[in-house]
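All values reported here derive from a predicted model rather than from experimental measurement. Naming: A, B, ... by sequence-line order, numbering from 1 per chain.
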Amino acid sequence: MLRFAQALDTQLRTAMERAFPAAAAEAIAAGRPLDPKLAPASKPEFGDFQANGALALAKPLKQAPRQIAAALLAELEADAAFGALCLPPQIAGPGFLNLTLRPEVLAAEVQGRLGDPRLGVPLAAASGSGAAPVIVDFSSPNIAKEMHVGHLRSTIIGDALARVLEFRGQPVLRLNHVGDWGTQFGMLITHLKQVAPAALDTADAVDLGDLVAFYRQAKQRFDADEDFQHTARQEVVRLQAGDPVSLKAWGLLCDQSRREFEQLYERLDIRLNERGESFYNPYLEAVVADLEAAGLLVVDAGAKCVFLEGMQGKDGNPLPLIVQKSDGGFNYATTDLAAIRYRFAAPPAGDGARWVIYVTDAGQANHFAGVFQVARRAGWIPAGARLEHVPFGLVQGDDGKKLKTRSGDTVRLKDLLDEAVERCEADLRRRLAEEERQEDEEFVQQVATTVGLAAVKYADLSTNRITNYQFSFDRMLALQGNTAPYLLYAVVRIAGIARKGGDLGGGDRAGGAEAAGAEPQAAFPEALQFSEPQEWALVRELLKLDTVIAEVEQELLPNRLCSYLFELSQVFNRFYDQVPVLKAEPAARASRLALCRLTADTLKLGLGLLGIATLERM
RNA sequence: GGGGCUGUAGCUCAGCCGGAUAGAGCGACGGUUUCCUAAACCGUAGGUCGUGGGUUCGAGUCCCGCCAGCCCCGCCA
């Protein structure tokens with residue numbers, strides 16, 4: 001639909017210039033050319049697009065909006081290119097111009113997508129391996145802690161955004177900025193020296209669960225005991241200065257956590273390059289030196305700070321960003337600054353990125369605003385580069401508060417995934433028993449795992465990321481409504497048609513786009529023919545894919561893709577319910593099979609971009 | 001005190017560049033199965049878009065005030 005929208009926009013602009021040359025010239029001179037305000041039709045009965053520009057022109061032109069719309073309409077009807085694309089437009093309401101694409105144009109577009117592994121989605125302008133990379137910084141758990149539900153959103157949203165950008169052909173660098181440096185390590189190492197020294201020089205001397213417990217104890221001591229606090233801070237300074245004993249202990253702790261993280265990433269099918277805070281340690285001094293040279297640094301109460309413009313702390317004092325603590329240690333702001341500096345720096349001294357995206361919780365909005373401001377003032381952000389924080393809200397329990405276990409602990413990510421899969425398995429077994437279906441154990445496990453993980457991911461991705469979202473197994477695993485099982489079921493229904501003899505053209509393309517070398521065309525007629533309203537509704541929904549992907553990329557909102565896939569599934573289920581495919585007359589059957597094929601491909605592609613796998617049967 | 005986010009149906013949430021009568025899903029109520037997986041489909045009821053102003057031909061959407069909730073604000077990340 002993007003192509004059509006662009007063509008129509010151009011045609012409408014031309015029509016406006018022809019109909020109202022004086023006003024158009026004046027508008028161009030003023031730097032604000034007349035805008036036809038082309039938008040998708042707000043309701044299906046209005047056609048495919050609507051142009052709202054006539055209403056805005058009424059006042060300057062001192063004419064009735066419908067009269068203006070009529071003048072535009074006359075110009076459009078004189079335009080052969082427009083006539084080839086659209087049926088005669090309608091003037092409606094106060095002065096809307098409703099545009100409907102010609103059926104044969106829509107059918108040809110569907111035809112084209114059947115042979116297109118990208119399903120009509122173009123590559124981005126800045127695509128290809130030569131282009132400067134886009135960095136997506138996401139997940140970022142802390143070493144010596146387990147991943148919990150708080151990491152879920154960053155991990156899943158970041159992965160989905162990375163997948164969309166990659167599909168558009170952008171070179172993406174997925175970075176896991178793990179918390180492997182800083183005060184927490186001072187605390188932990190200091191505590192371990194006293195209670196479990198073996199953990200500091202022998203691999204796997206204690207298991208991760210114990211480590212987490214030690215971490216908790218260390219944190220308690222740090223908060224309560226001033227002497228401990230002091231010792232821990234000294235330990236951090238030693239580590240950051242490269243003390244070999246500290247470094248070895250640190251390395252062992254990291255390895256242990258890393259193995260745990262990797263299991264979860266594998267389970268969630270997430271690819272990520274670890275580049276933790278420690279990576280930037282060698283650049284911290286240079287950050288401070290740069291800031292000093294730029295004249296931004298101020299020493300306040302012994303700490304080196306940059307005072308932020310337009311932000312103030314309590315009591316109305318200017319708000320500082322501390323880059324070097326009074327004890328000489330660096331903190332997370334320094335590390336984040338070093339990361340930005342490195343990421344935008346030209347290779348080989350840096351990543352040479354043109355766009356850096358941080359997927360972290362909304363609570364860090366102030367922090368990033370401050371860090372970004374300092375980075376800009378330091379001159380580290382090249383002209384035209386994008387640097388943005390992609391915030392998301394909290395995961396809450398049914399009570400509207402931060403999600404906790406019954407005993408009040410944070411929910412471990414592993415436990416959460418296990419429970420989702422277990423619930424799916426129980427539900428599936430109950431269903432099999434009810435329907436007296438016989439399936440082997442492998443089938444049950446495969447379906448339960450796929451549906452369970454899909455449900456968790458989809459529930460998270462399907463709400464607008466900025467709002468807090470209420471976590472509920474019951475809702476996400478519900479088989480009806482805007483849930484993963486509903487979408488997966490639509491794919492399964494199409495697979496069922498194929499099993500029962502419907503030729504969907506070539507092998508299964510599901511795995512995605514790569515496998516599409518196989519020539520699918522054979523099964524489908526030269527010109528697709530549709531007659532039923534359910535068919536046209538499906539055609540129109542299918543053709544929206546490119547528009548939706550462009551929107552997700554622009555707004556960085558995966559929920560837009562979820563809404564689309566849900567609507568597509570609804571439209572398909574209506575079609576499936578009301579229009580026979582296999583039992584249709586040969587001509588209609590072939591065209592309907594083509595719709596089924598494109599629907600399956602679209603759903604699989606879209607779900608794939610969300611990091612969700614599909615099934616043939618469930 | 002300063003800043004950020006949120007407030008839309010009983011519940012959970014969408015709502016794009018300001019456009020026509022504010023949309024889904026769940027739940028409630030009522031229907032549909034000799035037919036491609038009913039994990040589906042169809043229908044009914046349900047709204048002062050927190051609130052008061054403003055801008056506009058037109059405001060859930062933009063601006064200002066207020067109310068409520070959550071989050072952040074000097075050496076944790």
Side-chain angles (χ1 to χ4, degrees), chain A residues 35 37-40 42-43 46 50 52 55-56 58-59 65 92-96 140 142 179 182-184 187 219 222-223 233 277 300-305 310-317 319-327 329 331-333 335-336 361-367 369-370 391 393-394 396 400-402 427-428 431 435 437 451 462-464 466-470 472 474-475 478-483 485-486 488-490 492-502 547 551 554-555 557 559-560 562-563 566-567 570 573-574 576-578 580-583 596 617-618:
Chain A
D35 185 355
K37 298 197 176 180
L38 183 70
S42 57
K43 292 191 180 200
F46 298 153
Q50 59 185 65
N52 305 329
L55 289 117
K59 201 166 196 182
F96 301 109
S140 311
N142 290 319
T183 308
Q184 47 183 1
M187 283 160 34
K219 171 80 172 137
F222 186 86
D223 292 340
R233 289 221 167 95
E277 294 172 344
D300 192 80
K304 292 184 181 172
C305 318
M311 301 187 198
Q312 53 180 26
K314 289 172 185 167
D315 312 322
N317 296 324
L319 187 67
L321 187 76
I322 295 175
V323 296
Q324 189 162 20
K325 300 185 282 185
S326 48
D327 65 6
N331 61 12
Y332 70 118
T335 305
D336 281 344
D361 70 278
Q364 297 190 55
N366 286 346
H367 166 67
L394 256 49
Q396 301 174 316
K401 292 184 182 155
K402 201 170 166 185
D427 187 71
L428 178 61
R431 187 180 306 279
E435 296 171 9
R437 273 169 68 187
V451 175
S462 63
T463 65
N464 187 319
I466 198 66
T467 52
N468 295 342
Y469 101 97
Q470 236 179 67
S472 159
D474 289 337
R475 267 198 301 275
L479 308 169
Q480 57 280 81
N482 189 4
T483 63
Y486 180 87
L488 294 179
Y489 182 62
V492 163
R493 284 183 131 180
I494 298 169
I497 290 177
R499 269 197 306 280
K500 290 286 168 67
T547 310
E551 205 175 288
Q554 178 64 30
E555 315 280 336
L557 288 174
N559 68 301
R560 295 278 166 79
C562 295
S563 301
F566 176 53
E567 275 163 38
Q570 282 184 306
N573 274 329
R574 223 164 277 152
Y576 179 95
D577 193 65
Q578 296 162 17
V581 176
L582 293 177
K583 293 189 173 171
C596 290
R617 295 194 305 127
M618 64 191 274

Sugar-phosphate, base or nothing in reach of [X], heavy atoms under 4.0 Å:
X        : result
A/Arg560 : sugar-phosphate
A/Ala333 : nothing
A/Gln396 : nothing
A/Ala92  : base
A/Ala301 : base
A/Asn559 : sugar-phosphate
A/Gln570 : sugar-phosphate

Measuring from the side chain of [X] (C-beta onward, heavy atoms only), which nucleotide among [options] has the closest atom?
X        : options             : result
A/Glu555 : B/C17, B/U21, B/G74 : B/C17
A/Asn366 : B/G2, B/C42, B/C75  : B/G2
A/Lys325 : B/C57, B/C76, B/C36 : B/C76
A/Asn142 : B/C11, B/A77, B/C70 : B/A77
A/Ala365 : B/A39, B/G15, B/G4  : B/G4
A/Arg475 : B/U12, B/A20, B/C70 : B/U12
A/Asn573 : B/C57, B/A39, B/C41 : B/C41
A/Lys59  : B/A77, B/C57, B/A20 : B/C57
A/Ser563 : B/A14, B/G3, B/C42  : B/A14

Mate of [N] where both pairing distances stay under 3.5 Å, Watson-Crick or G-U:
N     : answer
B/U51 : B/G65
B/U33 : none
B/A24 : B/U12

- Look at the side chain of A/Ser326 against the base of B/C75 and say whether a donor-acceptor pair falls under 3.5 Å; ignore hydrogens and angles. yes

- Can you find an N or O donor on one side and an acceptor on the other, under 3.5 Å apart, linking the side chain of A/Gln50 with the base of B/A20?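 In this structure, the two groups form a donor-acceptor pair.
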
